[in-house]
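Here the structure is a predicted model, which is why all the values come from computation and not from measurement. Naming: A, B, ... by sequence-line order, numbering from 1 per chain.
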Protein chains: 2
Amino acid sequence: MDTRRKIMSSAVNLFARNGYHSTTMEMIAEEAGLGKGTLYWHFASKEDLYRGIIQAGLQEYSSFVENLQEKELTYEEKIRAIIKFKIRFYLRHKPLASVIMANLDELGADFKKRMWQEQRKNNQTLADIFLQGKEEGVFKIEDPLLTARAFNGMVDSVLFSPDLNQVNGKVLSGVLENLIFRGILKT
Amino acid sequence: MDTRRKIMSSAVNLFARNGYHSTTMEMIAEEAGLGKGTLYWHFASKEDLYRGIIQAGLQEYSSFVENLQEKELTYEEKIRAIIKFKIRFYLRHKPLASVIMANLDELGADFKKRMWQEQRKNNQTLADIFLQGKEEGVFKIEDPLLTARAFNGMVDSVLFSPDLNQVNGKVLSGVLENLIFRGILKT
DNA sequence: CCTACTCGACCGACTGTCCGGTCTAGATGG
DNA sequence: CCATCTAGACCGGACAGTCGGTCGAGTAGG
């Protein structure tokens, strides 16, 4: 339904600006031009709405990485592609991206666990790329899963620096690629 | 006062477990073995209490890095020292560390801004180390500030992976040092 | 007339904050 | 040594506002 999408889109913007708890269902309804009761016809609860938003975002990311695995690319190219995808995703869906980033601590333990599992799956597919690259002698990596986490954390934290908005995407991906591939030491 | 410390310590644990909004002043009071009203004798508000906790943590970190600048160490050793400090800090003050990590989105815009400024200062002193190392030919770095953010994000995201608790600290710092110094490419 | 959908007034639970009051340790002073 | 006073620390009931969720009444289309 179109209404469903409108609700989600309004909610994303508000969640991104105010966080989960400071965004009320009434605000979302108003932003969407709907009555509050209508939200509850489309979503079971506020948490359900929130989860729907995040899962849609995570799914887009994970399906990209999974598709990548089937492409004929060198491992290095795959990493480059992921960096570029992340930057593009962030630039296009900035509010959604910040909602996903912030999701860890606003909700109950059950919800957190489910989200961590989702992210663990994503880290695992990325770790697979690192591992394969290592086995074929392209990468030198001690712990692929740890490296996957470090990689994601590195990219995300740079993207969400609040005063770096004017940095060019090309420059950004160049900096990140150098960092992850070569490190900072000169020799 | 000792009571003040007891309040803060109880609050840290609860904030770490439940987040800001799901922790009530009554819970904190009970955990501390005090009456609810007492909290308001020691702190102006819930937010004031929260801020006090976070600032104490940030200060410990920033004063470590600032002291580091005056020590006679190579730039590489300084970076290693920061990694080790972060790991140690995390292991010792785990709840406090996760509260600091999660602080970005629970509160109002004013509060967020102040916190970002604090962190920007920290990033800046780290960036100074990178910059000096670059100028003396030890590091090859395109953008020191960006690199500082990437570095912090990398380390933090690894530390806060929820299922990595049993990883040895020595191993961890080795992995992180290799990553930041050498990257993952083999050549 | 039935289904899918929308609406917004209302309810009930919750929680930050306030405030009137208690308790205790020490000071005062006779 | 006792009676009195003071004030800092502490208590917890009550208030006031907020917000997620419900419900009964509508509406539109087929």
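When each of A:Asp48, A:Ile7, A:Leu49, A:Leu34 is paired with A:His42, the side chain to side chain contact (heavy atoms under 4.5 Å, CB included) condition holds for A:Ile7 and for no other.
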Listing, residues 128-138 of chain B side-chain donor-acceptor contacts under 3.5 Å, not counting sequence neighbours, or none:
| from | atom 1 | to | atom 2 | distance (Å) |
| --- | --- | --- | --- | --- |
| B:Asp128 | OD1 | B:Gln124 | NE2 | 3.4 |
| B:Lys134 | NZ | B:Ile141 | O | 3.1 |
| B:Glu136 | OE2 | B:Tyr75 | OH | 3.3 |

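Counting heavy-atom neighbours within 6.0 Å of A:Lys113 NZ, excluding the residue itself, gives a total of 12 or less. Other residues, nucleotides and ligands place no more than 12 heavy atoms under 6.0 Å from the CZ atom of B:Arg182.
As rounded to whole Å, 10 Å separates atom P of C:dG16 from atom CG of B:Leu39. Rounded to an integer number of Å, the gap from NE2 of B:His42 to P of C:dT17 is 16 Å. The interatomic distance linking B:Arg4 (CZ) with D:dG8 (P) rounds to 17 Å, in whole Å. Atom CG in A:Asp2 sits about 12 Å away from atom P in C:dC5, given to the nearest Å. Rounded to whole Å, atom P of C:dC23 lies 17 Å from atom CG of B:Leu34.
We find the OG-CG distance between B:Ser62 and B:Asn123 to be 11.5 Å, quoted to the nearest 0.5 Å.
Pairs passing the salt bridge (Lys or Arg N to Asp or Glu O under 4.0 Å) check and including a residue from residues 15-32 of chain B, sequence neighbours excluded, read B:Glu26-B:Lys36. Residue pairs satisfying the salt bridge (Lys or Arg N to Asp or Glu O under 4.0 Å) criterion with at least one member in residues 76-93 of chain A, sequence neighbours excluded, are listed as follows: A:Glu76-A:Arg80, A:Arg80-A:Glu177, A:Lys84-A:Glu177, A:Lys86-A:Asp156. The ring pair (Phe, Tyr, Trp, His ring centres under 6.0 Å) pairs that include a residue from residues 168-187 of chain A number zero, where partners must be two or more places apart or lie in different chains.
Defining each end axis of the helix from C:dC1-D:dG30 to C:dG30-D:dC1 as the rotation carrying four pairs' C1' atoms onto the next four, with five pairs an end, the two axes are found to diverge by 10° to 10 degrees.
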Completion exercise
Quick tally for nucleotides 18-30 of chain D: nucleotides whose base has a protein heavy atom under 4.0 Å get B, sugar-phosphate-only ones S, the rest -, giving -SBBB--------
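The shortest distance between the side-chain N/O atoms of A:Thr3 and the OP1/OP2 oxygens of C:dC5 is not below 4.0 Å. Of the side-chain N and O atoms in A:Thr38, one or more sit less than 4.0 angstrom from OP1 or OP2 of C:dC7.
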